[in-house]
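Encoded as structure tokens, the structure appears first; notes follow it.
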Amino acid sequence: MTTTALDFARRNQPRFLEGLKTLLRIPSVSTDPDHREDVRRAAEHIAAELTHIGLENVHLIETTGTSPTAHPLVYADWLHAPDAPTVLFYGHYDVQPPDPLDEWLSPPFEPTERDGNLYARGAVDDKGQMFMHIKAVESLFAAHGSLPLNVRFLIEGEEEVGGEGIAAYVATKPANLAADFCIVSDTSMFAPGLPTLCIGLRGMIYTEIEVRSARVDLHSGYGGAAPNSFNALAHILAKIKDESGRILIPGILDTVQPPAEDELRSWRSLPFNEDEFRESVLGCQAIVGDARFSVFERLWAQPTFDVHGIPGGFTGVGAKTVIPAKATAKASMRLAPNMTAADTFRRFREYVQQICPLGVSVEVRLIHSAEPSLIPVDNPWIRASASAMTEVWGRETVFVRTGGSIPIVGDLQRHLSLPCVMMGFGLADDNLHAPNEKFSIHNFHLGIESILRFLERASTLRPDRHA
Ligand code: BES
Ligand code: MN
Ligand code: MN
């Protein structure tokens with residue numbers, strides 16, 4: 001049975017790739033209200049695809065709220081394998097904005113093949129990876145006329161803007177998502193050709209800090225006596241971490257759960273060259289951060305703080321001598337295991353108030369948040385996935401974490417007690433969220449094979465339905 005589904009997937013490689021290109025042509029940028037209709041079109045396109053491959057009960061679920069970044073969920077299922085387990089596939093069809101546009105070698109929404117890669121916004125994050133799930137299920141259907149296990153799909157359009165809609169759905173309708181395990185393909189391989197399971201994600205609080213220094217903008221001849229919102233904002237931002245990168249917000253570091261000794265040991269045996277990582281992935285002059293921790297601990301197991309943008313003030317051509325009355329910054333913290341978004345935000349806001357310079361007022365708003373997650377590895381689904389990938393890639397599967405976040409993973413664990421299997425096939429140089437995002441075409445096809453083989457193994461496991 002394995003061979004036929006696999007044969008189907010191999011024979012259909014060119015068609016699968018063309019199907020992905022069609023999806024990538026839809027600019028489903030979730031944060032941009034101008035793309036609202038495109039985001040919906042992407043959802044409808046996926047729904048049609050799920051119907052076409054033989055899934056049932058296919059529908060869009062409108063997310064609650066009127067926010068311009070509320071976008072529908074796509075749901076589908078096939079539940080006719082009574083004694084077999086049920087898998088929940090999670091992915092997201094929304095993408096990050098493509099700017100800066102002039103740095104793309106080919107347009108972001110015109111998928112283009114170069115050097116064995118497919119270039120487009122969303123190629124790897126996450127349309128290309130989510131599409132692998134659909135094509136794996138299509139191959140199983142085509143080979144058997146039915147499926148060896150029960151499947152549900154839940155694909156969201158708000159992941160890149162915090163995933164509020166799916167969080168509310170998972171919290172209120174857990175029965176609609178009953179499953180034995182979940183597959184997420186939205187992470188990367190540790191190195192090319194090295195099969196990787198991701199077993200930890202950081203959480204996040206995404207915030208906006210607004211400083212007001214006066215009723216109205218002032219002539220900068222008042223400088224020296226008048227407070228300046230931008231200067232004050234800079235002071236605040238500079239006090240959140242010290243120069244070594246250590247977070248200075250009281251109480252934050254005390255709550256962090258350090259990785260266990262054997263996980264740290266496994267990280268030390270990963271094939272890793274710091275200098276090569278600095279040069280080829282970060283493209284920077286020096287790796288920064290708290291030197292008491294290894295680079296992996298800094299990326300995967302410690303909190304951090306980063307500023308994303310500071311709009312406003314005078315940025316036009318020439319010069320304008322003004323003291324802007326208002327300055328804002330978008331800034332976020334990544335949360336390490338055991339930190340909670342609510343507690344971190346409360347401490348963050350209190351600290352910012354406390355360090356606010358004389359003469360200005362500051363307001364801190366939470367835009368979205370996600371809890372960190374650690375995946376228990378001692379279960380048959382993780383073992384089946386690791387073996388399936390080892391079989392496909394011919395190398396022992398490694399277990400890593402990622403510094404990024406996938407908000408729903410924590411919720412699936414908390415509300416549904418669902419073991420998540422994060423089998424991702426991106427690469428470190430895929431330019432996620434940046435110009436020239438790509439997905440290795442080889443990884444796309446072997447990813448489909450990995451998922452196929454995992455599903456076939458998983459279908460032979462008996463579900464453990466403890467109430
Ligand atoms: N796929 C990424 C998460 C990721 C990043 C995995 C890097 C592996 C390596 C996901 O789409 C993402 O970008 N998540 C956001 C979530 C946030 C908006 C809450 C992130 O991490 O910034
Ligand atoms: Mn993603
Ligand atoms: Mn992303």
Side-chain angles (χ1 to χ4, degrees), residues 91 116-117 123-126 128-130 132 183-202 258-284 287 289 293-302 304 334 336-337 372-378 381-406 409 420-434 437-451 453-454:
N117 295 305
V124 68
D125 185 13
D126 179 44
Q129 298 217 67
M130 175 271 288
M132 298 183 308
I183 304 186
V184 179
S185 297
D186 194 21
T187 52
S188 302
M189 301 178 85
F190 186 78
L194 186 61
T196 305
L197 278 172
C198 173
I199 58 166
L201 299 165
R202 286 197 289 193
E261 194 42 52
D262 39 334
E263 193 171 8
L264 286 172
R265 194 171 327 111
S266 77
W267 294 353
R268 284 194 288 270
S269 66
L270 290 168
F272 183 66
N273 177 308
E274 241 177 77
D275 218 44
E276 145 83 15
F277 172 73
R278 179 192 57 73
E279 183 55 42
S280 71
V281 179
L282 303 184
C284 66
I287 292 182
F293 298 106
S294 69
V295 173
F296 296 135
E297 288 171 277
R298 286 179 233 171
L299 291 171
W300 299 342
Q302 284 291 313
T304 191
R334 297 269 174 190
S373 22
L374 278 185
I375 306 292
V377 292
D378 188 20
W381 318 108
I382 290 278
R383 286 191 288 276
S385 166
S387 321
M389 288 206 287
T390 294
E391 191 181 356
V392 171
W393 297 83
R395 292 173 72 180
E396 207 53 49
T397 299
V398 297
F399 293 69
V400 304
R401 300 191 194 175
T402 169
S405 313
I406 306 173
V409 169
C420 277
V421 178
M422 290 194 274
M423 38 199 308
F425 302 95
L427 293 176
D429 64 352
D430 279 344
N431 300 318
L432 250 75
H433 296 199
E437 178 179 346
K438 66 164 174 72
F439 191 14
S440 149
I441 294 169
H442 176 71
N443 283 21
F444 173 64
H445 294 306
L446 285 200
I448 294 170
E449 294 188 12
S450 304
I451 292 156
R453 290 200 195 244
F454 171 40

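Partners of Ser280 under the side chain to side chain contact (heavy atoms under 4.5 Å, CB included) rule, at least two apart in sequence or in another chain, are Glu276. Scanning for salt bridge (charged side-chain N to carboxylate O under 4.0 Å, His left out) contacts around Asp378 gives Arg383, with sequence neighbours left out. Not counting sequence neighbours, the partners of Ser450 by the side chain to side chain donor-acceptor pair (under 3.5 Å) test are Trp393. For Arg395, there are no salt bridge (charged side-chain N to carboxylate O under 4.0 Å, His left out) partners at least two apart in sequence or on another chain. With sequence neighbours left out, Glu263 forms a salt bridge (charged side-chain N to carboxylate O under 4.0 Å, His left out) with Arg401. Here Pro271 pairs with Phe190, Leu194 under the side chain to side chain contact (heavy atoms under 4.5 Å, CB included) rule; sequence neighbours left out. Evaluation of the side chain to side chain donor-acceptor pair (under 3.5 Å) rule for Glu437 yields Arg121 as partners, not counting sequence neighbours. Qualifying side chain to side chain donor-acceptor pair (under 3.5 Å) partners for Thr187, counting only residues two or more places apart in sequence or in other chains: none. A search for ring pair (Phe, Tyr, Trp, His ring centres under 6.0 Å) contacts involving Phe272 returns Phe277, Phe296, not counting sequence neighbours. Under the rule for a salt bridge (charged side-chain N to carboxylate O under 4.0 Å, His left out), the partners of Arg268 that lie at least two apart in sequence or sit in another chain are Glu261. Every residue two or more places apart in sequence or in another chain was checked for a side chain to side chain donor-acceptor pair (under 3.5 Å) with Trp267, and none qualifies.
Looking only at distances, no side-chain donor or acceptor of Thr304 sits under 3.5 Å from a matching main-chain atom of Arg334. For the pair Thr196 (side chain) and Val398 (backbone), a donor-acceptor distance under 3.5 Å is absent.
Distance check: Leu446 CG to Arg453 CZ gives 10.0 Å after rounding to the nearest 0.5 Å. The distance from atom CD of Gln129 to atom OG of Ser188, rounded to the nearest 0.5 Å, is 7.0 Å. Interatomic distance, Glu274 CD to Glu279 CD, rounded to the nearest 0.5 Å: 13.5 Å. To the nearest 0.5 Å, atoms CD1 (Ile183) and CE (Met130) are separated by 14.0 Å. Once rounded to the nearest 0.5 Å, the distance linking OG of Ser385 with CE of Met422 reads 11.0 Å. Rounding to the nearest 0.5 angstrom, the gap separating the CD1 atom in Ile448 from the CG atom in Asn443 is 11.0 Å.
Here the closest heavy-atom approach between residue Cys198 and residue Thr402 is recorded as SG-CG2, 3.5 Å. The two residues Pro372 and Ala336 come nearest to each other via the heavy atoms CG-O, 3.4 Å. Closest non-hydrogen pair, Phe399 versus Ala386, comes out as CZ-CB, 4.3 Å. Between Val184 and Ile406 the shortest heavy-atom distance is CG1-CD1, 4.2 Å. Of all heavy-atom pairs between Cys420 and Ile382, the closest is O-CD1, 3.9 Å. The minimum heavy-atom distance between Pro195 and Gly193, with the atom names listed, is CD-O, 3.3 Å.
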Considering only distance and modelled atom types, tabulate donor-acceptor pairs under 3.5 Å from the side chains of residues 423-433, sequence neighbours left out.
unit_1 : atom_1 : unit_2 : atom_2 : d
Asp429 : OD1    : Lys438 : NZ     : 2.9
Asp430 : OD1    : Lys438 : NZ     : 2.6
Asp430 : OD2    : Leu427 : N      : 2.6
Asn431 : ND2    : Asn436 : O      : 2.9
His433 : NE2    : Asp125 : OD2    : 3.0
His433 : NE2    : Glu160 : OE1    : 3.3
His433 : NE2    : Glu160 : OE2    : 3.4

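The shortest distance between side-chain heavy atoms of Trp300 and Arg202 does not fall below 4.5 Å.
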**OP:** For Arg265 and Asp262, run side chain to side chain contact (heavy atoms under 4.5 Å, CB included): C-alpha distance rounded to whole Å, both residues' side-chain angles, the deciding distance at 0.1 Å, then the answer.
**Re:** CA-CA 5 Å; Arg265 194 171 327 111; Asp262 39 334; 3.7 Å; yes

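In summary, Arg278 and Asp275 engage in a salt bridge, as defined by a charged side-chain N under 4.0 Å from a carboxylate O.
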